[in-house]
Every structure is written in structure tokens, then in C-alpha cells.
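Right, one structure below, let's go through it.
So you know, we letter chains A, B, ... as the sequences are listed, proteins then strands, and number each from 1. Heavy atoms only: backbone and side chains are in, while hydrogens, waters and symmetry mates are out.
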There are 2 protein chains.
Amino acid sequence: MAKKIKIEPDTSTEEKIKEAARKVFTQKGYAATRTRDIAEEAGINLALLNYYFRSKEKLFEIIMMEKMHALFGVLVPVLNDSTTSLEKKIELVSVNYIELLSHTPDLPLFVLSEIRSSPQAFGERMQANKLIKDSHFIKQLTEKRKDLHPLQFLMSLLGMLLFPFIARPVFGSVGVLAQKEFDFLMEERKRLIPQWMKLILNSN
Amino acid sequence: MAKKIKIEPDTSTEEKIKEAARKVFTQKGYAATRTRDIAEEAGINLALLNYYFRSKEKLFEIIMMEKMHALFGVLVPVLNDSTTSLEKKIELVSVNYIELLSHTPDLPLFVLSEIRSSPQAFGERMQANKLIKDSHFIKQLTEKRKDLHPLQFLMSLLGMLLFPFIARPVFGSVGVLAQKEFDFLMEERKRLIPQWMKLILNSN
DNA sequence: GTCTATAACCTGATAGAC
DNA sequence: GTCTATCAGGTTATAGAC
């Protein structure tokens with residue numbers, strides 16, 4: 001229990017490679033990434049990558065797992081909390097996601113692209129799926145709006161939250177929407193989206 | 001003027017290759033696609049691909065151009081029509097997009113992924129950008145809601161429309177959301193999204 | 001653990017026969 | 001126009017020295 005006293009400094013070679021892999025994989029995707037890119041980014045030799053992680057694919061799976069947990073990790077616990085109201089959940093999910101994606105904007109496009117490339121893999125996805133479908137949030141939605149499929153609401157909420165980051169290369173090109181303005185708009189959306197989704201929820 | 005009387009039958013080898021390229025590129029992305037995959041899908045030899053299109057990259061650029069036009073082509077003309085009301089534009093964009101994406105569901109994820117991979121390329125994107133920013137739709141929005149950045153509204157609308165298709169591998173896995181149910185929900189969204197966006201537009 | 005050198009393989013593209 | 005055979009270059013992974 002008290003075996004490992006020293007805190008991992010994250011400066012080990014293994015961690016340097018993982019950090020480089022996070023950067024390159026998320027930027028270029030699995031197929032376009034060369035192990036040489038990762039090695040160079042990490043400042044180490046190519047052979048070391050295989051020494052620590054056996055293969056490009058094994059390394060990728062580790063990074064992918066991390067990223068999927070990051071993407072679904074801010075969603076699932078909030079939706080499954082049986083002590084919070086529907087409206088509170090909407091607020092929390094909105095703030096959590098915009099906060100997260102402001103720091104790692106290419107997270108959703110990376111995860112969704114790679115899931116598409118190998119749809120049968122990544123069992124995590126199915127698991128997250130079930131956790132969402134059977135969530136307290138869905139129960140609350142169903143109860144509140146019997147006329148509406150709960151996924152109609154959830155897809156809209158997530159679309160509003162994630163889409164600006166997914167499409168940022170389109171919206172955010174130079175001269176049309178600069179970085180600072182984009183950040184400002186996202187900050188504003190923490191307030192706007194819950195407001196709008198509540199409006200939708202209470203309509204009819 | 002009356003030079004080409006015969007209508008192209010689209011059964012030519014060139015078209016067979018393009019059709020195969022459309023399928024494989026959009027499914028796997030540029031980097032993960034091998035020219036051999038395209039040749040096999042087209043039922044022709046690998047060498048013919050280079051005979052007709054010089055290189056993998058040239059072929060890709062043709063397909064990418066097509067796909068970008070498809071994705072933005074249903075948006076730009078509607079937003080720039082100065083004879084329609086704001087609410088009519090919302091209805092048209094919604095129906096157009098859901099109709100389009102129901103037939104080619106992986107169009108948006110493909111285009112957005114590839115734009116990210118080479119952000120400086122694809123000048124079309126910038127052009128579409130300007131066309132949107134200076135559109136009649138944006139003017140109408142600005143006038144109607146002086147307190148709201150028009151992109152806040154546009155990003156939300158597009159997010160609602162595109163996100164279900166972008167995230168379909170997540171939502172649409174077997175046992176959670178089957179194909180027929182997904183199609184039904186999308187059909188329903190043609191009505192729901194305009195209704196909801198008008199609600200947002202007229203709030204406050 | 002870390003490196004250099006190289007093996008083994010794959011991929012895009014072309015030469016040349018038909 | 002279409003094919004087979006092959007080249008040239010690049011990529012992953014490993015062997016072996018330090």
C-alpha cells in the first residue's frame with residue numbers, strides 16, 4: 001500500500017513518448033501518423049517507441065482509450081447523478097464540455113474520426129452508450145416530456161456543445177473568426193446553451 | 001454548342017474509378033486509403049487509376065472538391081437568398097441538410113476531418129466562409145437580435161443538424177439505436193429543429 | 001535503456017506488352 | 001485503354017552493439 005512513495009514526475013521516457021503520441025495522433029489521426037513523427041516530437045529514438053509500446057497500434061490504443069475517457073468522462077457521471085435536477089445536469093454538462101474543449105479543441109473530431117475508421121473496435125464506446133441510454137438524465141427527460149424521444153434532446157444539446165469545436169477549422173480560419181473571438185463566443189455559450197435548452201425543454 | 005449530343009452514361013471507366021474513390025475515401029479518409037483499395041472497389045487494375053488521374057492526390061482533390069460543394073452547396077444558396085424570411089431560411093436549411101445527410105451520412109465527418117489534416121489547403125473553405133459571413137441570413141439575424149452574435153445562432157443550428165450524423169457511430173451502434181429508428185428520428189428533426197430554433201430566436 | 005543499422009514489408013507510380 | 005510486372009521510396013519493427 002505504501003510501496004510507491006515517490007510521485008511519478010512524468011518526465012520519464014515512457015511518458016515523454018505518450019505525450020508526443022497524444023499530440024501527433026490527435027493532430028493527424030492514426031493512419032497519417034508515422035512513428036518517426038512521434039519519436040522526433042518526443043526527442044527520442046524510433047527504436048525506443050517499440051521498446052516501450054511494442055507497436056504503433058498498441059501505443060495508439062492506449063492514447064485512444066485515454067481520449068475516449070476524457071470525452072465521455074465529463075458526460076457520463078453528470079448524466080447518471082440521481083441527486084441533481086434535469087436543469088442542473090444541463091448546466092453542468094455545458095460548462096464541463098466547453099471548459100474541456102477549450103483546452104483540447106481537437107479531441108472530439110479525433111475520437112469520432114477514429115471510431116468511424118474502425119467501428120467494430122473500441123468497446124468503450126458501446127459501454128458509454130449503455131451508460132447514457134440507461135442514465136438518470138434520460139429517465140428524467142422521458143418523464144418530463146413524454147411526447148419527445150429523449151435522444152432528440154440529447155443530440156441537440158451535444159451538437160450545440162461540440163459542433164463549434166468540430167467545425168473550428170471552417171469557422172475559425174484567419175480573418176473570419178480569430179482565436180480570441182472564438183474563445184469569447186465559447187465562454188458565452190456556457191450561459192447561452194443551458195438557457196436555450198431549458199427553453200426547448202419547457203416549450204409546448 | 002451542339003457538339004456533345006450523347007449523354008454521358010456514367011458507366012465509363014473513369015466514372016467507375018471516381019465512384020469507387022468516393023466510397024473508399026469517405027469511409028477511411030485520405031491517409032488510410034490505398035490506391036489498391038480503390039482499384040479493387042472499381043473492379044479495375046491499379047495502373048488504370050494513375051492512367052486516368054495521374055496520382056492518388058489528384059484523384060483525392062477531385063473527390064474532396066465534390067464533397068465540399070455538396071456540403072456547402074445546400075447551405076450557401078439558401079442563406080444568401082435575399083427574398084426569403086429568416087424563418088423560411090431556417091426551415092429550408094434544416095430540410096435540405098437532413099435530406100442530404102440521410103443519403104450520405106458520412107459526408108460531414110469526412111470533410112471536416114480532411115480539412116483539419118491540411119487546414120491551409122482547400123481555399124473553397126475560405127470562400128464558403130466569406131459567403132456565409134456576408135450572407136443575407138447573417139444580416140437578418142443581426143438585425144433581429146442585436147444582443148446576440150449571429151454565429152452563436154448559426155453554430156447552434158448547424159450543430160443540431162450535423163451532429164447526429166457526425167456522431168452516428170457512437171449513437172447508432174447495434175442494439176442502442178438501430179438504422180430505422182435513427183432514420184425516423186432524423187425525419188422528425190426536419191420539423192423539430194426549425195421549431196426549436198424559432199423559439200430561441202424569439203426569446204428574451 | 002538507448003542507440004545505429006538493417007530487415008521485412010507495404011504503397012504509389014511507371015514501363016512496356018497487348 | 002487495359003493489363004502484368006516491377007521499381008523506387010517510405011514505413012514499421014527488430015537485431016545487436018554500447
_On the six-membered ring of A:Phe182, is A:Arg168 placed so that its NZ or CZ lies under 6.0 angstrom from the centre and within 45° of the ring axis?_
yes
*asked:* Students often mix this up, so state it plainly: with edges at 30° and 60°, are the rings of B:Phe25 and B:Tyr30 parallel, tilted or perpendicular?
replied: parallel
*So does B:Lys23 have more than 12 non-hydrogen atoms from other groups sitting under 6.0 Å from NZ?*
no
*asked:* Using a strict threshold of under 4.0 Å (side-chain N to carboxylate O), is an ion pair present between A:Glu41 and A:Arg22?
replied: no
*Rounded to whole angstroms, how far apart are NZ on A:Lys56 and C1' on D:dG10?*
12 Å
*Heavy-atom count around B:Lys88 NZ within 6.0 Å, excluding the residue itself: above 12?*
no
_Restricting to salt bridge (Lys or Arg N to Asp or Glu O under 4.0 Å), what partner residues turn up for B:Glu14, sequence neighbours left out?_
none
*A:Ile38 CD1 - D:dT11 P separation (whole Å)*: 13 Å
_Between P of C:dA13 and CZ of B:Arg34, the distance in whole Å_ = 15 Å
*Would you say A:Arg145 and A:Phe153 make side-chain contact, with heavy atoms under 4.5 Å?*
no
*Whole Å only: how far is the CG atom of B:Leu59 from the P atom of C:dT11?*
17 Å
*What one-letter contact string describes nucleotides 2-9 of chain D from 5' to 3', where B marks a base within less than 4.0 Å of any protein heavy atom, S marks contact via sugar-phosphate atoms alone, and - marks no contact?*
BBB-----
*Within residues 22-33 of chain A, residues whose heavy atoms come under 4.0 Å of DNA chain D*: A:Thr33
*Atom CD of B:Glu57 and atom C1' of C:dA13: how far apart are they, to the nearest Å?*
13 Å
*Does B:Asp37 pair with B:Lys28 as a salt bridge, N-O distance under 4.0 Å?*
yes
*Could you give the CG-to-P distance, from A:Leu49 to D:dT11, as a whole number of Å?*
15 Å
